[in-house]
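Every chain is numbered from 1, with letters handed out A, B, ... down the list of sequences.
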Number of protein chains: 2
Amino acid sequence: MVSKNLIHEGSPVCQTCAQKNSSVFCKAKVEYLSEITGQKVSNTFKKGQTIFNEGSYPFGVFCINSGKVKLTHLGDDGKEQIIRLLKGGDIIGYRALLSGERYSATAVALEDTHICFIPKELFIHILKNDAALTFEMMKLLADELHKTELKMTHLAQKPVRERLAEILLFIEETYGFEEDGITLNVRLSREEIANLVGTATESTIRLLSEFKRDNMVELDGKKIKIINQKKLAKTANLQD
Amino acid sequence: MVSKNLIHEGSPVCQTCAQKNSSVFCKAKVEYLSEITGQKVSNTFKKGQTIFNEGSYPFGVFCINSGKVKLTHLGDDGKEQIIRLLKGGDIIGYRALLSGERYSATAVALEDTHICFIPKELFIHILKNDAALTFEMMKLLADELHKTELKMTHLAQKPVRERLAEILLFIEETYGFEEDGITLNVRLSREEIANLVGTATESTIRLLSEFKRDNMVELDGKKIKIINQKKLAKTANLQD
DNA sequence: GTATAAACATGACAAAAATCATGGCTGTGT
DNA sequence: ACACAGCCATGATTTTTGTCATGTTTATAC
């Protein structure tokens with residue numbers, strides 16, 4: 001494993017980064033990759049730590065090397081809404097940077113997470129000179145927009161039960177399973193799941209119990225096992 | 001009025017288009033503007049006509065010259081969700097084109113609308129060669145993503161009453177008022193408003209009546225007059 | 001102008017979901 | 001091991017919202 005000692009040195013090299021081929025940066029010209037390697041700062045965030053905060057100014061973008069991150073909005077009544085779940089290879093903080101605004105969301109590590117920070121100037125400089133990378137970034141934004149529009153429609157039209165089923169499948173799609181092949185590979189509190197679904201925590205707890213009763217999932221503390229994916233997908237009532 | 005005869009010729013010239021300074025294309029290099037002028041197709045859509053349909057393949061982007069357009073998703077149960085309202089200067093159909101997918105939404109003219117069509121090849125060719133324009137497109141996407149994330153959070157957390165108030169203010173922000181300074185400058189059915197808010201048509205009708213009772217709006221058929229904007233904003237309970 | 005359909009409006013009711021209350025469980029630090 | 005806090009669970013209740021039914025008004029076509 002090349003990445004092992006690199007990570008422990010605190011400063012992995014982009015050209016050999018484990019995420020090189022899943023990140024947008026894999027599309028950057030090689031010359032820029034070494035520039036990034038030279039200027040980036042590598043960091044570790046412990047579970048629960050905040051990477052950046054809604055309302056503050058962005059100084060660059062973050063590229064997740066390993067770990068899991070949630071991106072949240074604070075609603076007008078102070079309730080948290082999780083708008084995205086992220087993992088190794090994903091970049092965060094670019095939205096506000098491109099719009100030239102403050103962060104509109106807060107990023108928090110869901111588990112110990114390694115992240116590289118790329119300064120704003122370098123990021124913008126590369127974008128302005130690397131058309132292919134800019135094009136990829138544009139695509140990434142277009143995809144994100146599409147996903148968000150879908151989520152919006154589902155929030156507006158689907159009952160909580162369907163949305164919860166959908167979110168469980170979405171978590172699976174994002175983080176996959178543990179070695180046993182059925183346990184969702186992330187630990188989220190009931191409240192966090194509720195904040196993904198857009199509902200009250202109690203409703204989430206109640207529905208999870210129902211899903212368990214209906215043999216779609218098994219619950220063991222924060223561990224959630226998907227034991228009947230097909231039925232769950234049917235419950236989610238998905239078409240698209 | 002330069003634009004008047006241009007429009008009636010059926011083929012306005014981008015360099016003198018009334019929307020030149022509000023569209024992203026105003027950032028395109030002059031040389032590309034004339035290329036667009038040469039290749040675009042100008043068209044008129046009557047009220048209610050479909051500009052493109054969810055599920056079909058994009059062959060280019062549309063640039064709205066004048067008029068009003070709604071972009072809608074079909075939910076899994078066949079219910080329409082309006083995801084964006086557009087006007088002169090806005091471009092549509094770029095999202096699917098950039099992602100290389102079929103349209104994920106349907107565009108329908110809300111009133112007689114003039115639109116220029118720019119072929120895919122030209123659009124992509126220009127993007128690949130005009131870094132400044134690409135950068136602007138990226139910003140546009142970033143802004144759209146932000147707006148959509150906000151809408152998502154509000155759909156998840158706010159009650160219907162607040163969302164309706166918010167939507168009325170949003171319509172005002174988008175299309176403004178008629179000459180009288182209080183009548184919203186667009187005619188939407190109650191059902192369409194409901195599909196913006198994400199609620200049942202009857203709920204929308206009921207709440208509009210309440211807003212009228214509470215002296216926030218006046219109703220006259222499809223005409224909606226905002227007579228107490230401050231109170232409406234308070235009802236919307238906005239912070240951001 | 002008149003017929004016809006579509007849109008608007010309102011009441012009654014049912015369903016969905018949030019809130020409140022309470023108790024048990026689990027993990028963490030001492 | 002123990003106390004404590006935070007999380008999980010569940011029941012009871014209220015509020016919100018959707019659905020169904022029905023009548024009225026408005027727009028549109030002939």
Answer yes when [X] and [Y] have at least one side-chain N-carboxylate O distance shorter than 4.0 Å, and no when they do not.
{"X": "A/Lys87", "Y": "A/Glu173", "value": "no"}
{"X": "B/Asp76", "Y": "A/Lys158", "value": "yes"}
{"X": "A/Glu218", "Y": "A/Lys223", "value": "no"}
{"X": "B/Asp214", "Y": "B/Arg161", "value": "yes"}
{"X": "A/Arg84", "Y": "A/Glu144", "value": "yes"}

Please report the interatomic distance CD(B/Glu162) to CD(B/Gln157), rounded to the nearest 0.5 Å.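 CD of B/Gln157 is found 10.5 Å from CD of B/Glu162.
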
Working to the nearest 0.5 Å, report the span between CD of A/Glu80 and OG1 of A/Thr106. 8.5 Å

Whole Å only: how far is the [atom1] atom of [X] from the [atom2] atom of [N]?
{"X": "A/Asp220", "N": "C/dG27", "atom1": "CG", "atom2": "P", "result": "9 Å"}
{"X": "B/Ile193", "N": "C/dA7", "atom1": "CD1", "atom2": "C1'", "result": "12 Å"}
{"X": "B/Ile205", "N": "C/dA7", "atom1": "CD1", "atom2": "C1'", "result": "8 Å"}
{"X": "B/Arg190", "N": "C/dA6", "atom1": "CZ", "atom2": "C1'", "result": "14 Å"}
{"X": "B/Lys223", "N": "C/dC8", "atom1": "NZ", "atom2": "P", "result": "15 Å"}
{"X": "B/Glu202", "N": "C/dA6", "atom1": "CD", "atom2": "P", "result": "17 Å"}
{"X": "A/Lys79", "N": "C/dA17", "atom1": "NZ", "atom2": "P", "result": "13 Å"}

Give me the ring orientation class for A/His73 and B/His146: parallel if the planes are under 30° apart, tilted from 30 to 60°, perpendicular past 60°. perpendicular

Mind checking A/Ser209 for me? I need base, sugar-phosphate or nothing, with any heavy atom below 4.0 Å counting as a touch.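 Since only primed, P, OP1 and OP2 atoms lie under 4.0 Å of A/Ser209, the category is sugar-phosphate.
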
Side-chain N or O of B/Thr201 versus OP1/OP2 of C/dC8: is the shortest distance under 4.0 Å? no

Would you please confirm or rule out a distance under 4.0 Å between OP1 or OP2 of C/dT26 and any side-chain N or O of A/Lys222? no

Out of C/dC20, C/dC8, C/dT10, which has the shortest distance to the side chain of B/Ser189?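 Selected nucleotide: C/dC8.
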
Taking five pairs at each end of the helix from C/dG1-D/dC30 to C/dT30-D/dA1, what angle separates the two helix axes (nearest 10°)?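 So the angle between the two local helix axes works out to 50°.
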
Does either side chain, that of B/Ser99 or that of B/Arg95, offer a donor lying less than 3.5 Å from an acceptor on the other one?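 The criterion, which ignores hydrogens and geometry beyond distance, is satisfied for B/Arg95 and B/Ser99.
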
Comparing nearest nucleotides in DNA chain C, the 5'-proximal residue of the pair B/Leu208, A/Arg161 is B/Leu208

A/Gly221 vs A/Arg206, nearer the 5' end of DNA chain D by closest nucleotide: A/Gly221

Range on DNA chain D touched by chain B, heavy atoms, distance below 4.0 Å: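 The footprint of chain B covers D/dT17 to D/dC20.
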
